[in-house]
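Taking it in order: structure first as structure tokens, then the write-up.
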Amino acid sequence: MFGTFNINYRSGEPIYQQIYNEVVKEISLGLLAPQEKLATVRELATTLGINPNTVSKAYQMLEQNGYIYSAVGKGSFVADSSGKLAGLKESTLKNLGKDLKTAYTLGVPEDDVQKLVDETYHGGDDL
């Protein structure tokens with residue numbers, strides 16, 4: 001099913017996008033394995049206390065981007081996207097390295113960069 005993830009209802013980010021991001025993160029971390037059955041739209045909507053259409057939109061985006069697949073009458077399952085995720089991680093690290101070099105060149109204090117990293121990895125709500 002799903003690990004526990006939180007939806008920030010006060011965030012400016014749409015709920016369907018938060019669901020999408022959390023599922024991709026759980027797949028990337030190996031918390032959701034290929035071929036694993038996901039909660040139904042209705043189950044997840046009930047668990048999160050949200051409209052099923054919101055969950056449906058997130059699932060549609062996940063399927064369009066190759067993270068999950070649907071089997072008629074059986075449900076939604078995690079796709080094997082390990083190659084895709086490895087490529088995304090590599091390109092993200094390259095881009096992050098470029099951005100850090102730019103920050104360094106512009107004189108952004110290391111403490112500000114570290115604060116952003118800490119907020120991002122440890123619950124920053126402003127992202």
Side-chain angles (χ1 to χ4, degrees):
M1 294 289 258
F2 283 109
T4 57
F5 60 84
N6 295 316
I7 299 299
N8 182 347
Y9 298 98
R10 292 178 282 161
S11 167
E13 184 175 42
I15 294 172
Y16 71 86
Q17 186 67 54
Q18 292 181 54
I19 294 169
Y20 176 94
N21 292 343
E22 289 294 321
V23 172
V24 170
K25 181 173 82 176
E26 289 193 5
I27 292 170
S28 180
L29 293 173
L31 300 173
L32 289 172
Q35 315 313 318
E36 187 171 342
K37 188 176 190 321
L38 300 178
T40 66
V41 168
R42 190 173 306 278
E43 289 170 341
L44 187 55
T46 299
T47 299
L48 297 175
I50 60 175
N51 189 308
N53 291 333
T54 303
V55 176
S56 181
K57 185 170 184 174
Y59 275 24
Q60 288 171 5
M61 288 174 48
L62 287 160
E63 190 163 2
Q64 288 171 353
N65 290 314
Y67 292 109
I68 68 172
Y69 65 93
S70 297
V72 178
K74 297 186 183 209
S76 296
F77 299 84
V78 177
D80 183 2
S81 55
S82 56
K84 177 181 183 165
L85 285 168
L88 283 171
K89 287 178 183 179
E90 185 177 333
S91 68
T92 298
L93 283 173
K94 284 182 184 178
N95 290 333
L96 184 57
K98 290 176 188 176
D99 289 341
L100 285 171
K101 287 178 185 175
T102 300
Y104 175 77
T105 300
L106 295 173
V108 175
E110 185 178 345
D111 289 345
D112 290 352
V113 173
Q114 187 60 52
K115 181 180 175 188
L116 180 60
V117 169
D118 290 343
E119 288 173 356
T120 301
Y121 276 81
H122 304 292
D125 291 336
D126 297 333
L127 302 174

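All values derive from a computational prediction rather than experimental measurement. Values below: every heavy atom of this structure, side chains too, minus hydrogens, waters and symmetry copies.
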* Passes side chain to side chain contact (heavy atoms under 4.5 Å, CB included), Y69 versus D80? Steps please. -> CA-CA 10 Å; Y69 65 93; D80 183 2; over 6 Å; no
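- Listed here is the closest heavy atom pair of K84 and G66: NZ-N, 4.3 Å.
- Of the inter-residue distances, the one linking T120 atom OG1 with K115 atom NZ reads 11.5 Å to the nearest 0.5 angstrom.
- Between Y59 and V41, the shortest heavy-atom distance links the atoms CD2-CG2, 3.8 Å.
- Note: L38 CG to L44 CG = 9.0 Å, rounded to the nearest 0.5 Å.
- Within a 6.0 Å radius of CD in E110, other residues, nucleotides and ligands contribute 12 heavy atoms or fewer.
- Between V113 and Y104, the closest side-chain pair of non-hydrogen atoms is not below 4.5 Å.
- Contact between V108 and D112 at its shortest, heavy atoms only, is CG1-CB, 4.2 Å.
- Here the CG atom belonging to L62 is positioned 6.0 Å from the OH atom belonging to Y20, to the nearest 0.5 angstrom.
- Cluster annotation: L88 is connected to V24 through the hydrophobic network of ILVMFWY side chains, with a link wherever side-chain heavy atoms come within less than 4.5 Å.
- The line from CG of L100 to OG1 of T105 is 10.5 Å long, rounded to the nearest 0.5 Å.
- Inter-residue side-chain proximity for K57 and P14 is flagged as unmet; no heavy-atom pair is nearer than 4.5 Å.
- Side-chain contact between N8 and Q18: present, with at least one pair of heavy atoms (C-beta onward) separated by less than 4.5 Å.
- In terms of hydrophobic clustering, with Ile, Leu, Val, Met, Phe, Trp and Tyr side chains grouped at heavy-atom distances under 4.5 Å, F77 and Y67 are assigned to different clusters.
- Note that the CD1 atom of I19 and the OG atom of S56 stand 10.5 Å from one another [nearest 0.5 Å].
- Scanning all heavy atoms of the two residues, the minimum distance from A33 to V78 falls at O-CB, 3.2 Å.
- A distance of 12.0 Å separates CD1 of I68 from CD of E36, quoted to the nearest 0.5 Å.
- No side-chain heavy atom of N51 sits less than 4.5 Å from a side-chain heavy atom of I15.
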